[in-house]
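As a basis for the values below, the full set of heavy atoms in this structure was taken, side chains included, without hydrogen atoms, waters or symmetry mates.
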Amino acid sequence: MDVTESLRVSQNASILSPREPVHKNCKIASSNSRLEKLRNLSSGSSYPPNGSTGNSQASRTPPSPQSGSSHGGSSSGHSHNGSGSSSSGAQGYFYPGTNMVWFTPGSRPQPPTQLTPHLRNNLINLFFQHREKCFFEVQIARFNVALRTPPDNLDALDPALVTAILLLGCYWSRAASLVALEAQLLDQTKYELSASLVEADRLHDYVRGTNLLVFYYICKGMYDEAEQQICNSARVAIACGMHQIVSSIYQPPTPSTPKGPLRPPRDNIDLGERIHTLWQTFNLDKMVSLIKMSPAYLLGGGPDVNPILVIDTPWPRLMIEYETANLSQMERQSVQDLYNLTSAFGLRPETLVGLEAQGLSLAQRAMYVTTPNLICSSHEFAALDAAIQGFIGRLPGLRNGGESGQILATPGHSPINHRLVFIHTLGYTASLQLHQHMRDATSHSRCNIAAQNLTMIVSELTQADYGSLSIGLGHMWVIAGRILVTLTARMSGGVAQQFQSFAMRNAMAPAREPGSGVNWSNIAVGGIMNMVTTLGQPLEVLKTQMAANRSQGMAQALSTVWSRGGVAGFYQGLIPWAWIEASTKGAVLIFAASEIEERAMKGGVSPAAAGLLGGMGGGIAQAYATMGFCTTMKTVEITRHKQASSGIKPMSTWAVFGDIYKREGIKGINKGVNAVAVRQCTNWGSRMGFARLAENWIRGLRGKKEGEPLGALDKIASSTIGGALATWNQPIEVVRVEMQSAAKNTAADRPAKLTVLNTLSYVYRNNGIKGLYRGVTPRIGLGIWQTICMVSFADYVKAWVKTQK
């Protein structure tokens, strides 16, 4: 597709979803001269024809009057019919991508006489001190070279971009003596942008210059003008293909490389600047949409968006990474990946400009789906909620430094990171936007957490911080304040007073299924996830071998298990008993633990204590409900091989089951169930309790507040800590194995009728403290694996299940 067709697609096929009407000011006229120029650029032909260079920026003048160049939105009252013709008597010129008459023949603004070289340099330096506020990123050394390059060279900066930079530098100077100069630079910027679009030789600079003008209009409160110009910028960026840069790694052009209105990037730096320009356009588009509560022009994707318009450009990295080629083909996530729970976020710290783009995207989407009279499916709602919570969980703390927030805060020394103030505010504003109608208890808790954290963010700021904050921050506070006022107005008397305490009690509670009293889906989640833990069966076999044969070390135990049949020996007891046990005990554990943990937190118990209680209750429930007979039979399967050494042919598993039941009944099948209950109570109480406690430790290290979600790697780390520390109860496991072992032990001092206490005494007398901890090494590995599956992974599965409802 050439760029002419791309322009027509962006004009007619709609950048917007079919549910979002195209704004009346967003039609791009089909200027014959513009289309001719773009057609020649896309085909590689020279332009202008007849040998003229078309590159001189020093004497840029408007074209001669011609049909189709006037615009009917001006005060002259003429109307443009969108096909290249216009009513006669037009006094101004209309340029594609604009709907303003910015100049007429002979109206080129004169360069301001006040703008001396010294003042010009000062304004440029002032702009670069604040450039992050307008999402402007360049390689400084190359920019300085381009700034000094003669304007008739295509490597020079377009005068439109330079003038826009001077305009914002003048605005940020706050000098009363420069008020007149600011007005002159505004006229000059509008003129140069119109001329830049006609020249069409440096459209990248046109987009950047227009974006700076958009930001200037936002700063001045001229939101209609900002909306008009972000439309222009977005259309040209799409026509130039900047939204579909599929890789951050530079590839030299080949003869087969399609030609377009932009020259192929020269290197990684040039490519990186184009990626940053696309996201600058995206961010400003979302900001204007949030301010005006109007549709956005750039969408990430979806079934209702033309594939040609889907944004595939990866999130921006640091300019130094483009300069040094410190990039990876794996880092190709874009807007669509925000809603993919399996997307590989976290390969390395995300850049702050990338987090700004993600936060603005989520906040704008939350505003859109909660628009009155818009039908939002429960699946779409849940997916957006999961994306917002995942985004919040990935954020570094407010006092983390560095361009990626990768420098951990030092208590008492680290200042507020002003960009992270904006990014955190975007995340919580998005959550507040989405849940403002409070459809259930989860929405109550989300609103409460968002309100508390927004208040906390404001309380962290000092008077000295306000001059460095993003202009968009104030608008987010207005949006959040408006929602909170509405929520308060909905309530009266005791309801308003009860709201905060109710929401706080439910802040960390698992989400409820609509219309149900309990989360029945947790039964399926627990069963499935615990089946996954059976991948650790070799560790289970090794642990049991060492606990039952306490004289064996690790190497000897490995050799013994291997002698039973090689690899198959490490999977003894897996089928059927380990599978039966895993599927049933996992269902009971997650169901019971979730219900207990939720009710404990409703009663005001801390997350760590609630996790402890939930794990203990779930462990006891699974022991008596399913694990007694399953663990007995699994242990019999692993240890009955010892009968062969006595010359007795081992019976089959089912024959052993029938024999035990015939001789000892239900009590025999559940032999050692009390030891199992004690083990499981301490196991899962410790695992969940330590895991939740570790989450709080990690939040402290990350600079996060209590209740803020963590990223995937942090949750895995917390589960690893919980699983490892929970092996303190290994003596209980040794006792359980000894009681359930099918091995014939003829020791004179072994009790004939084993109980938990006399078995513990027996093991200690014969093997000492080391015997009680025999097998702890493989159990640490097993505990870590099981805790990661049943705590961290289970949380993600439950979140996924919720999105499917």
For this session: Look only at the side chain of E137 and the backbone of M319, and say whether a donor-acceptor pair between them is shorter than 3.5 Å.
Result: no
For this session: Could you pull out the closest heavy-atom pair between K133 and L469, with the gap in Å?
Result: CE-O, 3.9 Å
Exercise. Just wondering, do L181 and L119 contact through their side chains at under 4.5 Å, heavy atoms?
Worked result: yes
Problem set entry | Centroid-centroid under 6.0 Å between F136 and F127 rings | yes
For this session: Report the distance from atom CD1 of I218 to atom SG of C134, rounding to the nearest 0.5 Å.
Result: 10.0 Å
Problem set entry | N211 side chain to Q280 side chain, donor-acceptor N/O pair below 3.5 angstrom | yes
Seminar exercise, completed: With sequence neighbours left out, the residues meeting ring pair (Phe, Tyr, Trp, His ring centres under 6.0 Å) with Y223 are H475
Exercise. Taking everything shown except E403 itself, do over 12 heavy atoms lie less than 6.0 Å from its CD?
Worked result: no
For this session: Show your working on side-chain contact (heavy atoms from CB on, under 4.5 Å) between I269 and V138 and close with a plain yes or no.
Result: CA-CA 8 Å; I269 296 175; V138 294; over 6 Å; no
Problem set entry | Residues D285 and Q364: side-chain donor-acceptor under 3.5 angstrom | no
Exercise. Is a salt bridge present between D224 and K292, judged by a nitrogen-to-oxygen distance below 4.0 Å?
Worked result: yes
Problem set entry | Contact check, side chains of V335 and F282, non-hydrogen atoms, under 4.5 Å | yes
Problem set entry | side-chain contact (heavy atoms from CB on, under 4.5 Å) between L168 and H130, worked out | CA-CA 9 Å; L168 277 174; H130 296 272; over 6 Å; no
Exercise. Closest heavy-atom contact between Q433 and L290?
Worked result: NE2-CD2, 4.3 Å
For this session: Check whether any side-chain heavy atom of H204 sits under 4.5 Å from a side-chain heavy atom of T277, and report yes or no.
Result: yes
Exercise. With the threshold set at 4.0 Å, does a side-chain nitrogen-carboxylate oxygen contact exist between K190 and E225?
Worked result: no
Exercise. Should E182 and R174 be marked as a salt bridge (Lys or Arg N to Asp or Glu O under 4.0 Å) after you check the CA-CA gap, both sets of side-chain angles, and the distance that decides it?
Worked result: CA-CA 10 Å; E182 185 178 322; R174 298 291 197 270; over 6 Å; no
Exercise. Are L360 and L284 close enough that some pair of their side-chain heavy atoms sits under 4.5 Å apart?
Worked result: no
For this session: Measure from the ring center of F143 to the ring center of F128 and say whether it is less than 6.0 Å.
Result: yes
Exercise. Side chains of H243 and D312: donor-acceptor distance under 3.5 Å anywhere?
Worked result: no
Seminar exercise, completed: Minimal heavy-atom distance between Y322 and P316, with the atoms involved, is OH-CA, 3.7 Å
Problem set entry | M367 vs S289 side-chain heavy atoms within contact, under 4.5 Å | yes
Exercise. Would you say I479 and R482 make side-chain contact, with heavy atoms under 4.5 Å?
Worked result: yes
Exercise. Can you check whether S431 reaches Q389 side chain to side chain, under 4.5 Å on heavy atoms?
Worked result: yes
For this session: Identify the heavy atoms of I275 and P314 that sit nearest to each other, and give their distance.
Result: CG2-O, 3.6 Å
Problem set entry | Close side-chain approach of L186 to Y216, heavy-atom, < 4.5 Å | yes
Exercise. Salt bridge check: are E356 and K286 linked by an N-O gap of less than 4.0 Å?
Worked result: no
For this session: For side-chain contact (heavy atoms from CB on, under 4.5 Å), just list the numbers for L212 and Q229, CA-CA rounded to whole Å, side-chain angles, deciding distance to a tenth of an Å, and then say yes or no.
Result: CA-CA 10 Å; L212 296 185; Q229 292 313 310; over 6 Å; no
Exercise. More than 12 heavy atoms of other residues, nucleotides or ligands under 6.0 Å from CE of M293: is that the case?
Worked result: no
Exercise. Can a cation-pi geometry be assigned to R208 and Y206, taking NZ or CZ under 6.0 Å from the six-membered ring centre and within 45° of the ring axis?
Worked result: no
Seminar exercise, completed: Shortest non-hydrogen pair, A363 vs L426, comes out as CB-O, 4.1 Å
Exercise. Which is it for H435 and F381 under the ring-ring contact (aromatic ring centres under 6.0 Å, His included) test, yes or no, and what are the steps along the way?
Worked result: CA-CA 9 Å; H435 293 281; F381 185 94; 5.3 Å; yes
Problem set entry | Nearest-0.5 Å distance, CH2 of residue W172 to CG of residue L123 | 12.0 Å
Seminar exercise, completed: Tested for side-chain contact (heavy atoms from CB on, under 4.5 Å) against L115, the lone hit among Q188, Q184, R120 is R120
Problem set entry | Spacing of CD1 belonging to I245 relative to CZ belonging to R274, to within rounding of 0.5 Å | 7.0 Å
Seminar exercise, completed: Rounded to the nearest 0.5 angstrom, the CD-OG1 distance for Q244 and T313 is 7.5 Å
Seminar exercise, completed: Minimal heavy-atom distance between L178 and S173, with the atoms involved, is CD1-OG, 3.4 Å
For this session: Indicate yes or no for a side-chain donor-acceptor contact from T370 to the backbone of A366 under 3.5 Å, with no hydrogens or angles considered.
Result: yes
Problem set entry | Spacing of CD1 belonging to I165 relative to CD1 belonging to I124, to within rounding of 0.5 Å | 6.5 Å
Exercise. OG of S404 to CG of L318: how many Å apart, nearest 0.5 Å?
Worked result: 4.0 Å
Problem set entry | Q336 backbone acceptor or donor facing S334 side chain under 3.5 Å | no
Exercise. Would W279 and F135 satisfy side-chain contact (heavy atoms from CB on, under 4.5 Å), going step by step from the backbone distance to the final call?
Worked result: CA-CA 8 Å; W279 291 111; F135 316 110; over 6 Å; no
